[in-house]
Amino acid sequence: MKFNATYITPLFALYAGFFGLPSYGWYEMLRITITLQAIIFAWVLHDKLYQIPTIFFIATAILFNPFAKIRMSRSDWEVFDIIIGIAFLIANFWLITMDKQKKLGEETIINQNNSHLINKNEMLQKEIYDLNEKIKDIIQQHNKELIELKYKYNMLKTNNESDELKLKRVLDNANNEVSLLVEQRFNVILSSDILSLNHALKKAFKNANFIILRFNFINCDFEISTYSSEPVFECGHENSIKIFSCSKGSSLLTKETLLELKDIIKGELKYNIQFPYNKYQVIESILEEQRNFKHETRIYTYSTI
């Protein structure tokens, strides 16, 4: 068993009480050690919320303090030395015992927690093992399904490739049809009767200040819209494109003007023929009209004043 240094002060006090000390210097040393020990005990017991022992050791520190000395006879000090020595021994033994019990309780709690953690860890390890097995089964099942899906995908891809080739041929044919129709429709515009168109434009100016000449690319008709002033926004002209516009007193239409606007007119024709969602129906309508087409300039006038 190890000797605890805190027993030195109470043993020192008991020795002084029973046998006395050889000189005054030793009594001064006793005062200092008892005061320091009493302050330490008072602090520790105050921290543990023991009020009465705390008060006792504060009083002891005051009684034995080496600064404001209290005068008593030697016989009285010997009694106090014995009482303080016994009190210090009891307090010291009690505190050491309490610390051992506290440590023992903490070790018990730690052991219990460790045991609980070990059991919990074993359970977690078992759960992880079960989860890993389930994951392996799921992966194997998914791999099997993936192989089946890859096989089906390859089959569909083979079929789709042939469908894509067919669709590409259809789209190429449709684009070729659009180009041919654009060229044919522009030739119709270019070969139209300019004199008849200008005559119709002059007639339209009698009741309007601004006119727009449009071409219906399905029926190959010319449409004249009349306005009191230049329109800011135009709408509602399905299957037709703007060819020419002018205000009252401006120059009328000439073939040279049409040739200058060639790229713009062709661009409008191509855009409007292939833009609709039902562009194949538009192409079919044009082709059907083309089969029955008779080369003549047909003009319709629409008043929007």
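Here, residue 1 is the first one in the sequence, and each next residue gets the next number.
- Inter-residue side-chain proximity for Thr254 and Ile194 is flagged as unmet; no heavy-atom pair is nearer than 4.5 Å.
- By the 4.5 Å heavy-atom criterion applied to side chains, Leu213 and Phe222 are counted as neighbours.
- The environment of NZ in Lys202 is sparse: at most 12 heavy-atom neighbours from other residues, nucleotides or ligands sit within 6.0 Å.
- Taking CG from Leu269 and OG from Ser179, the interatomic distance works out to 11.5 Å, rounded to the nearest 0.5 Å.
- At a threshold of 4.5 Å between non-hydrogen side-chain atoms, the residues Ile34 and Thr60 count as touching.
- When all heavy atoms of Arg214 and Ser225 are compared, the pair lying nearest together is NH1-OG, 2.8 Å.
- A donor-acceptor pair under 3.5 Å is absent between the side-chain atoms of Thr257 and the main chain of Leu253, judged by distance alone.
- Residue Cys246 comes nearest to Ser251 through the heavy atom pair CB-O, 4.1 Å, listed as atom of the first residue, atom of the second, then distance.
- To the nearest 0.5 Å, atoms CG (Leu258) and CG (Leu197) are separated by 8.5 Å.
- No donor-acceptor pair under 3.5 Å is formed between the side chain of Asn121 and the backbone N or O of Leu117.
- Cluster annotation: Phe57 is connected to Ile70 through the hydrophobic network of ILVMFWY side chains, with a link wherever side-chain heavy atoms come within less than 4.5 Å.
- Annotation: side chain of Thr35 is in contact with side chain of Pro66 (closest heavy-atom distance under 4.5 Å).
- Ile90 and Ile82 end up in the same hydrophobic cluster when Ile, Leu, Val, Met, Phe, Trp and Tyr side chains are linked at under 4.5 Å.
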task = Please lay out, stage by stage, how Phe210 and Ser229 fare under the test side-chain contact (heavy atoms from CB on, under 4.5 Å).
result = CA-CA 5 Å; Phe210 192 87; Ser229 60; 5.8 Å; no

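- The CG atom of Asp137 sits 11.0 Å away from atom CG of Asn132, with the distance rounded to the nearest 0.5 Å.
- In the hydrophobic cluster analysis, where Ile, Leu, Val, Met, Phe, Trp and Tyr join through side-chain heavy atoms closer than 4.5 angstrom, Ile58 is grouped apart from Phe64.
- When all heavy atoms are compared, the tightest approach of Pro231 to Ile212 is CG-CD1, 3.9 Å.
- By the 4.0 Å N-to-carboxylate-O rule, Lys126 lies close enough to Asp130 to be salt-bridged with it.
- Taking the ring centre of Phe205 as origin, the terminal cationic atom of Lys248 falls outside the region bounded by 6.0 Å and 45° from the ring axis.
- Annotation: the span from Leu131 atom CG to Lys134 atom NZ amounts to 6.0 Å, rounded to 0.5 Å.
- Lys266 places a side-chain heavy atom less than 4.5 Å from the side chain of Lys262.
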task = Under the side-chain contact (heavy atoms from CB on, under 4.5 Å) rule, what do Ile224 and Phe244 come out as? Steps first, then yes or no, please.
result = CA-CA 10 Å; Ile224 297 175; Phe244 178 74; over 6 Å; no

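- Residues Trp94 and Ile96 have side chains not in contact (no heavy-atom distance under 4.5 Å, counting atoms from C-beta outward).
- Distance check, rounded to the nearest 0.5 Å: CG of Asn272 to CZ of Arg185 gives 13.5 Å.
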Worked verdict on Glu223 versus Asn216 for side-chain contact (heavy atoms from CB on, under 4.5 Å) = CA-CA 7 Å; Glu223 303 170 355; Asn216 188 306; 3.5 Å; yes

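- Ile211 and Ala208 get closest at one heavy-atom pair: CG2-CB, 4.4 Å.
- Within a 6.0 Å radius of CD1 in Ile52, no more than 12 heavy atoms belonging to other residues, nucleotides or ligands are found.
- When the side chains of ILVMFWY residues are joined at heavy-atom separations under 4.5 Å, either directly or via intervening members, Ile139 and Leu146 end up in two distinct hydrophobic clusters.
- When atom types are taken as modelled, the side chain of Asn198 and the backbone of Leu195 share no donor-acceptor pair closer than 3.5 angstrom.
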task = Using the side-chain contact (heavy atoms from CB on, under 4.5 Å) rule, take Phe215 and Cys220 through it: C-alpha gap first, then chi angles, then the decisive distance, then the call.
result = CA-CA 7 Å; Phe215 177 72; Cys220 292; 4.1 Å; yes

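- Looking at heavy atoms from C-beta onward, Phe56 lies in side-chain contact with Ile84 at the 4.5 angstrom threshold.
- Atoms NE2 and CD1, on His142 and Ile138 in that order, are 6.5 Å from each other to the nearest 0.5 Å.
- At least one donor-acceptor pair under 3.5 Å links the side chain of Ser191 to the backbone N or O of Asn187.
- Cluster annotation: Val182 and Leu190 are assigned to the same hydrophobic cluster (Ile/Leu/Val/Met/Phe/Trp/Tyr, side-chain heavy-atom contacts under 4.5 Å, transitive).
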